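The block underneath contains the structure these notes are about, expressed in structure tokens.
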Amino acid sequence: MINMFDKIDLYKKALDWAWKRNEIISNNIANADTPGYKAKDLNFEAFLQKSLAQEDSLELVTTNERHIKESSSNPDNLIEVLDSSLQMKLDQNTVDIEQEMGKLLQTALYFDGVSLQLSREINKWKTVIKEGR
Amino acid sequence: MGMFDAINISSSALAAQRVRMDVIAQNIANANTTRTENGQPYRRKIVIFEERKQSFSDILNQKIGQAQASSYGGVRVKAILEDPSPFKKVYDPTHPDADQNGYVNYPNVDIVTEMVNMIEASRSYEANVTTLNITKSMITRTFEIGK
């Protein structure tokens with residue numbers, strides 16, 4: 001039997017990525033005038049692969065909820081520092097504000113698109129549940 | 001991934017740019033101040049920014065799984081320092097603050113530099129307002145999921 005939440009889970013991960021990336025880009029723009037700050041980004045494929053693989057992988061057994069959990073599943077490990085030494089300003093800052101604004105817009109549009117698809121998916125299931133009425 | 005983390009990041013930047021704007025206004029206002037409280041001419045002030053990192057307890061709570069991973073804190077003003085460059089010397093023997101040779105020390109404020117910095121600060125402010133609005137539209141969009 002098909003799992004009705006498979007697709008919804010996939011959309012959820014895509015939204016998670018866009019949400020996290022929005023945060024990272026906001027931080028880049030906030031630090032556009034901070035000396036020595038390096039621009040960062042979150043790679044979509046790596047993020048998706050990681051979060052999909054996470055479901056199949058075996059979790060480290062912890063016997064107490066306060067035990068330190070396996071940190072490889074932490075999405076923060078996927079954040080990459082962009083290599084844009086060519087655009088480096090005199091204060092070692094690598095934030096390119098135009099590029100960041102473009103990325104921000106991309107992320108927001110992507111987020112809108114995926115959430116729309118997610119809504120449609122949910123509505124499809126609503127139709128099924130209501131037997132098409 | 002807290003819901004309002006991105007908003008906090010952008011608002012920290014707005015606050016920082018505002019402090020920068022205040023300091024620039026102070027510099028321009030005192031461009032001709034030849035005598036301050038300590039008897040010296042006014043020294044130009046510079047705002048130093050720093051990336052706001054998480055506190056130790058935030059990171060520890062994350063590692064022991066007590067809190068969700070939220071990774072950024074935005075930007076903060078690290079310090080407001082004085083520009084050590086020399087004062088501008090102007091020959092004006094009639095000035096009450098003139099030295100024995102008739103020279104007056106004027107503040108090391110360069111109006112053109114301050115105006116350029118002011119434009120930069122206001123542009124950065126605008127960029128962060130845009131970021132804030134985009135985050136806002138993303139949050140309202142999540143409320144509409146399933147409608």
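Just so it is clear: chains get the letters A, B, ... in the order the sequence lines come, proteins before strands, and each one is counted from 1. On a predicted model such as this, the values are computed, not experimentally measured, just so you know.
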Tell me the residues of residues 12-45 of chain B whose non-hydrogen atoms fall below 4.5 Å from those of chain A, in number order. B:A13, B:Q17, B:R20

Tell me whether the rings of A:Y110 and A:F44 are parallel (<30°), tilted (30 to 60°) or perpendicular (>60°). perpendicular

Name the member of B:E120, B:E51, B:E50 that forms the most heavy-atom pairs with chain A at distances under 4.5 Å. B:E51

Under 4.5 Å from a heavy atom of chain B, the part of A:A32 involved: neither

Tightest non-hydrogen contact, residues A:V114 and A:A14, listed as CG1-CB, 4.0 Å

Contact origin within A:I25 toward chain B - heavy atom pairs under 4.5 Å: neither

Taking heavy atoms only and a threshold strictly under 4.5 Å, list by residue number the residues of residues 121-142 of chain B that touch chain A; give 'none' if the list is empty. B:S124, B:A127, B:N128, B:T130, B:T131, B:I134, B:T135, B:M138, B:I139, B:R141, B:T142

Report the residues that fulfil side chain to side chain donor-acceptor pair (under 3.5 Å) with A:E121, sequence neighbours left out, ordered by chain and then residue number. A:K124, A:W125

Is it the backbone or the side chain of A:I97 that comes under 4.5 Å from a heavy atom of chain B, or both, or neither? side chain

Which residues in residues 76-106 of chain B have a heavy atom less than 4.5 Å from any heavy atom of chain A? none

Heavy-atom distance under 4.5 Å to chain B: side chain of A:N27, backbone, both or neither? both

Between OG on residue A:S115 and CD on residue B:E144, distance to nearest 0.5 Å: 8.0 Å

